[in-house]
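Single-structure report; data block below.
Remember, predicted model here, so these are calculated numbers, not experimental data. Just so you know, ligand 1 is whichever comes first in the structure, and atom 1 is the first atom listed for that ligand.
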Amino acid sequence: MRSFDILIVGAGHGGANCAVQLRQLGFAGSIAIIGEEPELPYERPPLSKDYLAGDKEFERMLLRPASFWADRNVTMRMGETVTTVDAAARTVTTAAGATIGYGDLIWATGGAPRRLSCAGHDLAGIHAIRTRADVDALKDELAPAIRIAIVGGGYIGLETAAVLSKLGKQVTVLEAMDRVLARVAGPALSHFYEAEHRAHGVSIRTNETVSAISGADGRATGVVLADGETIPADIVIVGIGIVPAVAPLLAAGAAGSNGVDVDDHCRTSLPHIFAIGDCAAHTNSFAGGAHIRLESVQNANDMATTVARLLTGNPKPYHAVPWFWSNQYDLRLQTMGMSLGYDTTVLRGDLAARSFSIIYLKAGRIIALDCVNAVKDYVQGKALVEQGIRVDPAVLADVDVPLKAHHPVA
Ligand code: FAD
């Protein structure tokens, strides 16, 4: 049986970065990464942005070249899926039947796209956007398609809508809630993005529930809404979140439900097993102490560093301000902090000028910023969120006063 001092399951942002950090911090033991996808670790964000648009080649998305992993003596086992974990024996088994031993196991498996469960959910022509293979399959069908229905008005749905409308497609976004981005942003930002998409010819329909996918000859032809209306579609794209890929860990006895529970060093409830990234449910002080999963590159990378530090004898609890970005048309949205539970918002700048920030406060303290084409606010806002600074909203709104003027005095 092959055994590794550190075995990482999942070759995405978290898994890859954990191996990078371990070597950077001087870990000299054996490391292997097992990944279900056939590709070496790559950046996921371009999948719904420049890769879908055809503006970025896949090779430019690799997190590190193949030589990097060989030079650092990291064993890459791509195209293998871990199906069971035995925490007592400290082994995992793969779908192909291999048993692999570990000293410490790092679970970095992200999640699988949530699928529709309604009638017609399994017709051809229905796509998700999570992996390179997903996007390649979509691109293969794009040329003859004219009408595209996107189920879900979150970041992935909206980024995809922006790319496909630029490619000349007739795009309809169907969102179940009363506004897009409802889970992650305040109404002002949602309505700004709805208006932007409509100005680009995208039909944004909120309060719409999908009741079925209609089809002919085994292929989707439209999305049937709750009131019986059918939105005709040559392709249906579903962007309604992920289901964390933690079944083997939960079956092994790890605590968790929506993901696997971890403490502030990313330890699961099982000995020598850690979890990081999209699949790790943790208590986040920037979300008011809520137990949440974050789905962002920042979170995956910072959790990877947390585990690498612990395993190299220099532990530091996970305490990182969440940040995120989204590119749609010529708009670069950058978010800092989490707006969850805000009671006041301040608009800084001008929505019509398409360069502004929305600042979220809770009990007088700054907890988050959504910055659209406003990189200075984004950069200077970090310290304000980190320290939970109190600033008079009227002063915050004054664009002539840079946010750094409110930085805490060192
Ligand atoms: P992943 O990167 O998903 O990697 C998990 C890997 O584990 C996958 O390759 C999976 O196949 C593999 N795996 C799963 N189960 C097993 C198993 N049992 N055995 C072996 N391997 C397994 N974040 C941002 O911050 N900004 C953005 O603009 C942004 N855009 C995005 C656009 C798209 C289209 C998507 C899908 C995500 C985007 N994200 C963005 C989110 C970001 O990509 C994720 O938060 C990040 O990839 C999480 O890293 P991870 O390592 O936890 O999981």
Please verify the inter-ring angle class for His319 with Phe286; under 30° counts as parallel, over 60° as perpendicular, anything in between as tilted.
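Rings of His319 and Phe286: tilted, as their planes differ by 30° to 60°.
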Just distances here: any N/O of [X] and N/O of ligand 1 closer than 3.5 Å?
X      : value
Glu159 : no
Ser326 : no
Ile129 : no
Pro248 : no

Yes or no: does Glu80 have any heavy atom under 4.0 Å from an atom of ligand 1?
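True for this residue.
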I'd like to know whether ligand 1 has Ala108 as a neighbour, heavy-atom separation below 4.0 Å.
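It does, in that a heavy atom of Ala108 comes within the 4.0 Å cut-off of ligand 1.
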Contacts of type ring-ring contact (aromatic ring centres under 6.0 Å, His included), residue Phe27, not counting sequence neighbours:
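Phe27: no ring-ring contact (aromatic ring centres under 6.0 Å, His included) contacts found.
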For Tyr378, ring-ring contact (aromatic ring centres under 6.0 Å, His included) partners two or more places apart:
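Expected list: none.
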With a 4.0 Å heavy-atom cut-off (strictly under), which part of [X] contacts ligand 1: side chain, backbone, both or neither?
X      : answer
Val9   : side chain
Tyr155 : neither
Ile156 : side chain

Within a reach of under 6.0 Å around CD1 of Ile146, are more than 12 heavy atoms found that belong to other residues, nucleotides or ligands?
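Incorrect, the count does not exceed 12.
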Between the side chains of Asp278 and Arg130, is the shortest nitrogen-to-carboxylate-oxygen separation below 4.0 Å, so that they form an ion pair?
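A salt bridge is present here (some side-chain N lies under 4.0 Å from a carboxylate O).
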